[in-house]
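Here is the structure we will look at, set down as structure tokens.
For the single chain, residues carry numbers from 1 onward in sequence order.
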Amino acid sequence: MKKLTSLLIFVGLAINVSGQEEPKNLKEAFKADWLIGTWERKNDNGQVDSHTFGWKIQDVLMFKEYKADGVPQAFAIISLDTDEDMVKIQSYSARGTTSTGEMKAEGDKVTRTSNWKTNKLSEEELKSRIESIVANRLASGAVQEAGVPELKQGIRNYFQRTSGTRRYTYEKQGEDKMAMTHANKDESGQFVDGDPVTWTRK
């Protein structure tokens, strides 16, 4: 009888622990309420970029929308995958880029890692984008004439890739400030971080 009682207690504890470890919904799994809202900044071209995080279905499904000067550029759905016990993000952009990845929240820090792929640009499309970006950077003063050759090569290298892995880190820095760092995985498999960019809550 004692053995049976002990077994029942053990089973009960196991069920209870299991229930505590498995989140019921996205809100329980992804504790990052501070991220909700619209965050803005002026980019090197003088445009106002914005990232908006919000609930599509309260506590169950989130969305992320990126705009440049009010024009939608990318949209993502954030959901809880209970089978894999992870928070997933699926993104689609106006340029035809798609990505699937994971998001993790640790206090005032959120990390997003995504595998992306896109269609290869033609040489004409590539040249057009390079010239447009260079012209905007020169007009805004973000680059000088001496730095144009290096900038062009960097842009070409960036747009010639058709797949890769990116990591975005969002860190809360006060009620209305957030630092976002973008990193690309290089050929050796290491993430190379860019400079942090400050965003302000609208």
Side-chain angles (χ1 to χ4, degrees), residues 35 38-54 56 61-79 81 84 86-104 110-170 179-197 199:
L35 197 57
T38 297
W39 304 84
E40 293 185 340
R41 71 149 189 142
K42 272 193 175 182
N43 64 26
D44 293 337
N45 300 327
Q47 297 175 318
V48 176
D49 289 341
S50 69
H51 287 287
T52 299
F53 293 85
K56 197 66 177 176
L61 189 67
M62 287 181 67
F63 73 90
K64 175 189 175 299
E65 185 174 40
Y66 166 61
K67 292 181 179 180
D69 264 359
V71 179
Q73 300 295 319
F75 190 84
I77 292 295
I78 304 168
S79 61
D81 187 324
E84 296 187 27
M86 63 186 286
V87 176
K88 283 191 171 181
I89 178 167
Q90 294 177 294
S91 179
Y92 310 87
S93 82
R95 292 179 176 174
T97 303
T98 61
S99 70
T100 302
E102 180 181 7
M103 295 188 79
K104 292 182 179 180
V110 171
T111 303
R112 170 191 175 188
T113 306
S114 295
N115 295 312
W116 62 272
K117 60 182 180 180
T118 189
N119 297 324
K120 185 176 181 178
L121 296 176
S122 68
E123 185 60 27
E124 292 74 17
E125 290 173 321
L126 185 57
K127 286 182 178 179
S128 176
R129 290 198 181 178
I130 290 174
E131 294 305 322
S132 175
I133 293 173
V134 169
N136 285 330
R137 295 285 178 87
L138 284 170
S140 67
V143 68
Q144 303 300 315
E145 286 290 347
V148 168
E150 183 180 354
L151 175 60
K152 283 186 174 182
Q153 188 58 52
I155 297 170
R156 176 174 286 275
N157 292 342
Y158 177 81
F159 282 112
Q160 280 183 326
R161 297 182 65 188
T162 57
S163 64
T165 302
R166 292 192 184 117
R167 183 181 66 200
Y168 300 87
T169 304
Y170 310 91
M180 185 175 80
T181 305
H182 168 257
N184 282 309
K185 185 175 283 189
D186 63 17
E187 294 179 356
S188 67
Q190 301 297 314
F191 281 108
V192 180
D193 285 324
D195 294 327
V197 175
W199 297 74

- Would N184 and V192 count as a side chain to side chain contact (heavy atoms under 4.5 Å, CB included) if you check the C-alpha gap in whole Å, the side-chain angles of each, and the deciding distance to 0.1 Å? CA-CA 5 Å; N184 282 309; V192 180; 5.7 Å; no
- Item | From CA spacing to verdict: side chain to side chain contact (heavy atoms under 4.5 Å, CB included), T169, F191 | CA-CA 12 Å; T169 304; F191 281 108; over 6 Å; no
- Message: The test is side chain to side chain contact (heavy atoms under 4.5 Å, CB included); show your working for S91 and R112 and say whether it passes.
- Response: CA-CA 12 Å; S91 179; R112 170 191 175 188; 3.5 Å; yes
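The shortest distance between side-chain heavy atoms of K117 and T98 falls below 4.5 Å. The closest side-chain heavy-atom distance from E131 to K152 is below 4.5 Å. Here the side chains of W199 and D49 are in contact, with some heavy-atom distance below 4.5 Å. By the 4.5 Å heavy-atom criterion applied to side chains, H51 and M180 are counted as neighbours.
With values rounded to the nearest 0.5 angstrom, K185 atom NZ is found 7.5 Å from N115 atom CG. To the nearest 0.5 Å, the span separating CZ on R166 from OG on S114 amounts to 9.0 Å. Expressed to the nearest 0.5 Å, how far CD of Q47 lies from NZ of K42 amounts to 11.0 Å. Residue L35 holds its CG atom at 9.5 Å from NZ of K64, rounded to the nearest 0.5 Å. How far NZ of K56 is from CG of L61: 8.5 Å, rounded to the nearest 0.5 Å. In this structure, CD1 in I130 is found 4.5 Å from CZ in R156, a value given to the nearest 0.5 Å.
Shown here for R95 and T118, the closest heavy-atom pair between the two residues is O-OG1, 3.9 Å. Residues V143 and L151 come closest through the heavy atom pair CG1-CD2, 3.9 Å. The minimum heavy-atom distance linking Q144 with L138 is given by the pair C-CD2, 4.0 Å.
Taking F75 as the reference, F63, E65, I77 meet the side chain to side chain contact (heavy atoms under 4.5 Å, CB included) condition, with sequence neighbours excluded. Partners of W116 according to the ring pair (Phe, Tyr, Trp, His ring centres under 6.0 Å) rule, which considers only residues two or more places apart in sequence or in another chain, do not exist here. In terms of the ring pair (Phe, Tyr, Trp, His ring centres under 6.0 Å) criterion, residue partners of F53 (sequence neighbours excluded) are, by chain and number, Y170.
In N157, the CG atom is crowded: over 12 heavy atoms of neighbouring residues, nucleotides or ligands sit closer than 6.0 Å.
D69 places a side-chain N or O within donor-acceptor distance of the main-chain N or O of V48, the cut-off being under 3.5 Å.
We find that E102 and R167 are not joined by a salt bridge, their nearest charged nitrogen and carboxylate oxygen being 4.0 Å or further apart.
Results of the side-chain contact (heavy atoms from CB on, under 4.5 Å) test with K127 over R129, E123, E125, E124 single out E123 as the only residue that passes.
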